[in-house]
Amino acid sequence: QVQLVESGGGLVQAGGSLRLSCAASGLTFRRYAMGWFRQAPGKEREFVAAITWSGGNTYYPDSVKGRFTISRDNAKNTVYLQMNSLNAEDTAVYYCAAAAAEWRAASTDPHAYAYWGQGTQVTVSS
């Protein structure tokens, strides 16, 4: 059974940083592209970051590019999201996701992902 568990969320002041973690089990982690998405109240789910199964390429929307960094540690079956220079617009529930099958390309489309974590709340105060 595939399980993704996010951690590291919390309350942080504007301009601060947080590092989210997503621990995966039940799949051959190194063969799966991984992604992060977020959803704020009253807003649709938004793509945040993605990384290929090889770890050689990463993707970000303009809203977080230069501030957020996705990475993975295949020895620990864990994907990370380092978030710097946080602002109020970053407040949301953040979800970790794994691609629908092994060797799939990293994608900005949530429909390309079949496995999702429970989410972790990130709140940025001013």
Side-chain angles (χ1 to χ4, degrees):
Q1 297 297 123
V2 175
Q3 186 175 29
L4 305 178
V5 181
E6 302 98 332
S7 61
L11 177 64
V12 64
Q13 294 184 9
S17 299
L18 282 175
R19 183 177 182 246
L20 306 183
S21 298
C22 173
S25 61
L27 76 171
T28 306
F29 181 75
R30 66 184 182 276
R31 300 179 181 177
Y32 284 81
M34 302 293 294
W36 287 95
F37 295 80
R38 67 187 182 186
Q39 188 165 24
K43 193 175 181 180
E44 294 185 350
R45 183 166 47 188
E46 178 187 17
F47 168 71
V48 175
I51 187 167
T52 58
W53 48 265
S54 68
N57 295 94
T58 57
Y59 306 90
Y60 309 91
D62 289 341
S63 59
V64 308
K65 189 173 295 183
R67 300 189 298 120
F68 291 10
T69 303
I70 187 172
S71 61
R72 65 192 299 161
D73 186 341
N74 287 346
K76 296 182 178 180
N77 285 5
T78 301
V79 62
Y80 304 95
L81 185 68
Q82 178 67 47
M83 305 185 293
N84 299 325
S85 301
L86 288 163
N87 56 57
E89 293 109 318
D90 297 316
T91 295
V93 177
Y94 284 70
Y95 297 92
C96 173
E102 297 179 349
W103 314 119
R104 293 286 180 88
S107 177
T108 63
D109 185 352
H111 294 98
Y113 300 87
Y115 308 105
W116 296 82
Q118 82 287 353
T120 185
Q121 176 71 46
V122 172
T123 302
V124 184
S125 63
S126 300

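The chain is numbered in sequence order, starting from 1.
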J.: If two hydrophobic side chains count as joined below 4.5 Å and joins carry through other members, does Trp53 share a cluster with Phe29?
T.: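 Cluster IDs for Trp53 and Phe29 differ.
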J.: Would you confirm whether Thr120, through its side chain, and Gly9, through its main-chain N or O, come within 3.5 Å as a donor-acceptor pair?
T.: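 Present.
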J.: Write down the atom of Met83, the atom of Val122, and the distance for their closest heavy-atom approach.
T.: CE-CG2, 3.9 Å
J.: How close do Ala50 and Ser107 get, heavy atom to heavy atom, and via which atoms?
T.: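 For Ala50 versus Ser107, the nearest heavy atoms are CB-O, 3.9 Å.
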J.: According to salt bridge (charged side-chain N to carboxylate O under 4.0 Å, His left out), who are the partners of Arg67, at least two apart in sequence or on a separate chain?
T.: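 If we apply the salt bridge (charged side-chain N to carboxylate O under 4.0 Å, His left out) test to Arg67, skipping adjacent residues, the hits are Asp90.
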J.: Does Phe47 form a ring-ring contact (aromatic ring centres under 6.0 Å, His included) with Phe37? I'd like the steps, not just the answer.
T.: CA-CA 5 Å; Phe47 168 71; Phe37 295 80; 5.8 Å; yes
J.: Could you tell me whether the side chain of Tyr60 and the main chain of Ile70 form a donor-acceptor pair under 3.5 Å?
T.: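 Flag set: sc Tyr60 to bb Ile70 pair under 3.5 Å.
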J.: Under a 3.5 Å distance rule, please check whether Ser126 uses its side chain to pair with a backbone N or O of Ala14 as donor and acceptor.
T.: no
J.: Whether the side chain of Thr28 engages the backbone of Arg31 through a donor-acceptor N/O pair (distance < 3.5 Å, no angle test) should be reported.
T.: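 Here the side-chain-to-backbone pair does not exist.
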J.: Would you say Glu6's side chain and Cys96's backbone share a donor-acceptor pair under 3.5 angstrom?
T.: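 Pair found, side chain donor or acceptor close to backbone of Cys96.
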J.: Taking the six-membered ring of Tyr32, is NZ or CZ of Arg104 closer than 6.0 Å to its centre and within 45° of its axis?
T.: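 Verdict for Tyr32: no cation-pi partner in Arg104.
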J.: Do the side chain of Glu46 and the main chain of Gln39 share a donor and acceptor less than 3.5 angstrom apart?
T.: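 Such a contact is absent between Glu46 side chain and Gln39 backbone.
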J.: Under 4.5 Å between side-chain heavy atoms, counting indirect links through other Ile/Leu/Val/Met/Phe/Trp/Tyr residues: same cluster for Trp36 and Tyr113 or not?
T.: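 Cluster IDs for Trp36 and Tyr113 differ.
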J.: Tell me if a side-chain donor or acceptor on Ser54 pairs with a main-chain N or O of Thr52 at a distance below 3.5 Å.
T.: no
J.: Minimum heavy-atom separation for Val93 to Gly119, with atom names?
T.: CG1-CA, 3.9 Å
